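Notes follow once the structure below has been shown.
Just so it is clear, the model here is predicted, and its values are computed rather than measured.
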Amino acid sequence: MSGSQLWDDVDFYFTSRLSPDDEVLQAALRESEAGDLPPIGVTPGQGKLLQLLAQIQDARNILEIGTLGGYSTIWLARALPADGRLISLEYSARHAEVAVRNIARAGLERIVEVRVGPALESLPKLADENPAPFDLVFIDADKANNPHYVEWALRLTRAGSLIVLDNVVREGRVIDEGSSAPDVVGTRAAIELIATHPRLSGTAIQTVGSKGYDGFALARVLA
């Protein structure tokens with residue numbers, strides 16, 4: 001059995017027992033596929049992990065940077081109380097349309113707001129609203145801007161908040177310090193920021209599974 005097939009089989013085993021998709025989540029995936037969205041969203045296991053992290057945080061306010069079709073948004077929003085709030089920033093209007101439909105089907109439209117446009121334009125506007133600090137920030141957008149997203153996450157959180165940065169391994173390319181690829185440069189800069197910032201304590205985890213070799217970083221905001 002090849003390594004990738006084994007990863008798929010193990011993913012299926014864990015997912016079927018610990019984080020099975022329900023009809024709402026399956027419909028979100030079908031809508032995303034029908035809308036020709038790229039298949040780059042989180043897996044069910046990763047979605048469940050995000051939900052558990054939000055629950056461990058006792059999150060009431062969540063910021064997501066990168067909505068895609070709303071699959072991860074649904075997992076996260078389901079961790080919120082009835083008066084919670086999730087703001088998701090999505091660059092593509094077409095992706096956002098799919099996400100909004102999926103979120104409405106999940107019955108979460110009252111607590112989820114999708115804002116369309118470049119995140120680095122949406123984030124200053126959000127800051128100007130002086131929102132309550134976000135308890136969890138999930139960053140899963142264009143990797144070149146990862147350090148900027150981490151910096152904005154710091155501005156919009158509080159001591160004890162959690163920042164989750166997805167897709168940091170780049171199939172191993174993250175260790176190439178000579179790379180000029182924007183995704184690698186941006187990810188390395190974000191990791192360096194987490195490593196050196198006095199208000200952050202973080203780590204990174206490598207993963208394998210149905211979407212290949214990847215990983216994520218976690219950073220806790222300090223006082």
### Query
Going from CG on N145 to CD1 on I65, what distance comes out if it is rounded to the nearest 0.5 angstrom?
10.0 Å
### Query
Can any side-chain N or O of N61 pair as donor or acceptor with the backbone N or O of D135 at less than 3.5 Å?
no
### Message
I'd like to know if R173 pairs up with D183 as an ion pair, taking the criterion as any Lys NZ or Arg NE/NH1/NH2 lying under 4.0 Å from an Asp or Glu carboxylate oxygen.
### Response
yes
#### Entry: Taking every non-hydrogen atom, the tightest pair across P124 and A119
CD-O, 4.3 Å
### Query
Given side chains that start at C-beta, do those of S72 and F138 come closer than 4.5 Å, heavy atoms only?
yes
### Message
Testing the basics here: between Y71 and A28, what is the closest heavy-atom pair and its distance to 0.1 Å?
### Response
CD1-CB, 4.4 Å
### Query
Can you tell me how far the CD1 atom of I175 sits from the CD1 atom of I191, to the nearest 0.5 Å?
13.5 Å
### Query
If you measure from CG on L80 to CD on Q55, what distance do you get to the nearest 0.5 Å?
9.5 Å
### Task
Carefully, step by step, assess L86 and I111 under the rule side-chain contact (heavy atoms from CB on, under 4.5 Å).
CA-CA 6 Å; L86 189 156; I111 62 174; 5.9 Å; no
### Query
So L25 and W75, side-chain contact (heavy atoms from CB on, under 4.5 Å) or not? Walk me through it.
CA-CA 9 Å; L25 289 165; W75 278 107; 3.5 Å; yes
#### Entry: Separation between CG of L123 and CG of D128, rounded to the nearest 0.5 Å
11.0 Å
#### Entry: pair E90-E97: side-chain heavy atoms closer than 4.5 Å
no
## Note on the structure
When every non-hydrogen atom of P38 is compared with those of L68, the smallest separation belongs to O-CD2, 3.8 Å
### Query
Taking only residues two or more places apart in sequence, or in another chain, which ones meet R30 in a side-chain hydrogen bond (donor to acceptor under 3.5 Å, both in side chains)?
E23
### Task
Please check if L218 and L50 belong to a single hydrophobic cluster, counting links between Ile, Leu, Val, Met, Phe, Trp and Tyr side chain heavy atoms closer than 4.5 Å.
yes
### Query
Is it true that atom CD of E109 has more than 12 heavy atoms of other residues, nucleotides or ligands lying nearer than 6.0 Å?
yes
### Message
Quick check: do T43 and T15 have side-chain heavy atoms less than 4.5 Å from each other?
### Response
no
### Query
Would you find more than 12 non-hydrogen atoms of other residues, nucleotides or ligands less than 6.0 Å from E171 atom CD?
no
### Query
Are the side chains of D36 and R94 in touch, meaning some heavy atoms are under 4.5 Å apart?
yes
#### Entry: Distance-minimising heavy-atom pair for L156 and P131
CD2-CG, 4.3 Å
### Message
Could you measure the distance from the CG atom of D21 to the OG atom of S16? Nearest 0.5 Å is fine.
### Response
11.5 Å
### Query
Taking the side chain as C-beta and beyond, is there a heavy-atom pair between I40 and N167 under 4.5 Å?
no
### Query
Same cluster for L126 and I139 if Ile/Leu/Val/Met/Phe/Trp/Tyr side chains link at under 4.5 Å?
yes
### Task
State, with a plain yes or no, whether a side-chain heavy atom of L63 is found less than 4.5 Å away from one of T157.
no
#### Entry: Closest non-hydrogen atom pair between K48 and L18, with its separation
NZ-O, 2.7 Å
### Summary
Closest non-hydrogen contact found for V150 with L200 is CG1-CD1, 4.1 Å
### Query
Does OH in Y91 sit with more than 12 non-hydrogen atoms of other residues, nucleotides or ligands closer than 6.0 Å?
no
### Query
How far apart are the C-alpha atoms of T67 and H95, what are their side-chain angles, what is the distance that settles it, and do they pass the side-chain contact (heavy atoms from CB on, under 4.5 Å) test?
CA-CA 8 Å; T67 317; H95 294 179; over 6 Å; no
### Task
Give a yes or no on whether I205 and V164 share a hydrophobic cluster (residues Ile, Leu, Val, Met, Phe, Trp, Tyr; joining criterion: side-chain heavy atoms under 4.5 Å apart).
yes
### Task
Find out whether L108 and R78 are in side-chain contact, i.e. whether some heavy atom of one side chain is under 4.5 Å from a heavy atom of the other.
yes
### Query
Going from OG on S32 to CG on N102, what distance comes out if it is rounded to the nearest 0.5 angstrom?
5.0 Å
#### Entry: Same cluster (ILVMFWY, side-chain, under 4.5 Å), V100 and V24
yes
### Task
For a side-chain contact (heavy atoms from CB on, under 4.5 Å) with I62, tell me which candidate from V137, V112, L76 qualifies.
L76
### Listed once per pair and sorted, the side chain to side chain donor-acceptor pair (under 3.5 Å) pairs that draw on residues 187-202, sequence neighbours left out
N146-T187
### Query
Does D142 reach the main-chain N or O of A144 with its side chain, forming a donor-acceptor pair under 3.5 Å?
no
### Query
Within a strict 4.5 Å, meaning less than it, do heavy atoms of the K143 and V185 side chains meet?
no
### Query
Which pairs pass salt bridge (charged side-chain N to carboxylate O under 4.0 Å, His left out) with one or both residues in residues 50-74, sequence neighbours excluded?
R60-D83
### Query
Same cluster for I103 and V116 if Ile/Leu/Val/Met/Phe/Trp/Tyr side chains link at under 4.5 Å?
no
